[in-house]
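Heads up: the structure comes next, in structure tokens.
All residue numbers in this chain count up from 1 along the given sequence. Only heavy atoms go into these numbers, but all of them, side chains included; no hydrogens, no water, no symmetry mates.
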Amino acid sequence: MNDSVIEANQVTKKYRSVLALDGVSLRVSPGSIYGLIGDNGAGKSTFLKLLAGHVFPTAGEIRLFGQAGERELRRSRSRMGVMIERPGFFPNMTVEQTLEYYRIQKGVPGKEKVAELLELLGIREKRRERCKRLSLGQKQRLGLAIALLGEPELLILDEPVNGLDPSGIVEFRTLLHRLNQEKNITILLSSHILPELEQTATVFGFLSKGKLLEEISAGDLSEKCADRLNIAVEDTEKYAALLEKHFPEENWRVLPEGTIQIRDFRQPPEVYSRLAMDNGLCILKLERSSASLEDYYMNLKNGGKETC
């Protein structure tokens, strides 16, 4: 197995005078769900279109399944399923006819594949419905069914939950997890709906103005943004010494303004407040907080480096 399904090395894309991507280097490992994060215009869709072969890089190299070069990339793309931008269908064709049309177009053998995908995507009862009558969520499922024709090893999805209602988002997330875990499909998806992406991806890449700011695993992100307790007391130095004596296993630090922050704390908050009061220290502030993926991205985009 290749060490990476996708590898980009210093990829740049210009549209005349507009620099859409600026020296982007990233890699997507087999079996991961890679979430590409960025504002509108950050370069997310451009990067996915480069992977799909819809546009070509101005500079840099793209490797798919370890392969580079025009001919090799064309072969590698046959192992991909792609859904970029909102799926478009023939409005008067039924769901079943649409899938059959794309099955033939892609050269996928076996008419039974259509029935299997209708069942997998939960739209079997809509198989005779004309596409123009489908809800947005049903259209997204049909678009994903088309992308899954040919049993791809890699899925490229651009804003797949954009416009879905909360129930549709949850259903789509569950479906992506099933495809990843049961069929071992590697998934690269872009989104600006960060609370949803936080529950889906196993790795995150942050794009801003065409530059990749950082790549980080979900585990490392969780550690950086772990639950924390912020305590301000009259005598910070004395309280720090008490923490070191009574809770030496805790991960704490003194913030620039003098507040003591305990990250991923192990005791109930009242234990830390009692420690102060029992030693004659007045508590000025005690608050519990944790940072979200959105907090982390905004901090990173604004120049932050280490914590949320």
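A distance-only check finds no donor-acceptor pair linking the side chain of N180 to the backbone of L176 [under 3.5 Å]. Although no hydrogens or angles enter the test, the distance criterion places a donor-acceptor pair under 3.5 Å between the side chain of T236 and the main chain of G258. Looking only at distances, a side-chain donor or acceptor of T200 sits under 3.5 Å from a matching main-chain atom of E196. Under a 3.5 Å cut-off, the side chain of Q140 and the backbone N or O of P160 do form a donor-acceptor pair. E244 places no side-chain N or O within donor-acceptor distance of the main-chain N or O of A241, the cut-off being under 3.5 Å.
Side-chain atoms of S167 and E171 include no donor-acceptor pair closer than 3.5 Å. In summary, the side chains of T12 and D22 do not present any donor paired with an acceptor at a separation below 3.5 Å, with no hydrogens or angles considered. Between K132 and N92, the side chains place a donor N or O and an acceptor N or O closer than 3.5 Å (distance only, hydrogens not considered). N9 and S25 form no side-chain donor-acceptor contact under 3.5 Å, judged by distance and modelled atom types alone. Side-chain contact, S29 with R27: a donor N or O sits under 3.5 Å from an acceptor N or O. Checked by atom type, the side-chain pair Q199/R173 shows a donor-acceptor distance below 3.5 Å.
Minimum interatomic distance between C131 and T98 (heavy atoms only, all atoms of both residues): SG-OG1, 3.2 Å. Contact detail for L149 and P152: the closest heavy-atom pair is O-CD, 4.0 Å. Of all the heavy atoms in M80 and V82, the pair that sits closest is CE-CG2, 3.8 Å. Residues V11 and P57 approach most closely at CG1-CB, 4.2 Å, considering heavy atoms.
Between L50 and L48, the closest side-chain pair of non-hydrogen atoms is not below 4.5 Å.
Atom CZ of R127 has more than 12 heavy atoms from other residues, nucleotides or ligands within 6.0 Å. Around the CD atom of E125, the shell of radius 6.0 Å holds more than 12 heavy atoms that belong to other residues, nucleotides or ligands. Within 6.0 Å of the CD atom in E237, the count of heavy atoms belonging to other residues, nucleotides or ligands does not exceed 12. Taking a 6.0 Å sphere around NZ of K106, one finds it holds more than 12 heavy atoms contributed by other residues, nucleotides or ligands. Atom NZ of K285 is surrounded by more than 12 heavy atoms from other residues, nucleotides or ligands within 6.0 Å.
Ring pair F247/Y272: centre-to-centre distance below 6.0 Å. Aromatic rings of Y296 and F206 (six-membered ring for Trp) have centroids within the 6.0 Å cut-off, being under it.
Screening R79, K183, K113 for a side chain to side chain donor-acceptor pair (under 3.5 Å) involving E151 leaves a single residue, K113.
To the nearest 0.5 angstrom, L188 atom CG is 7.5 Å from L26 atom CG. Here the straight-line distance linking atom CE of M83 with atom CG of D158 works out to 8.5 Å at 0.5 Å rounding.
Within the cation-pi definition used here (under 6.0 Å to the ring centroid, within 45° of the axis), K49 does not qualify as a partner of F47.
Between E182 and R178, at least one side-chain nitrogen of the basic residue sits less than 4.0 Å from a carboxylate oxygen of the acidic one, meeting the salt-bridge criterion.
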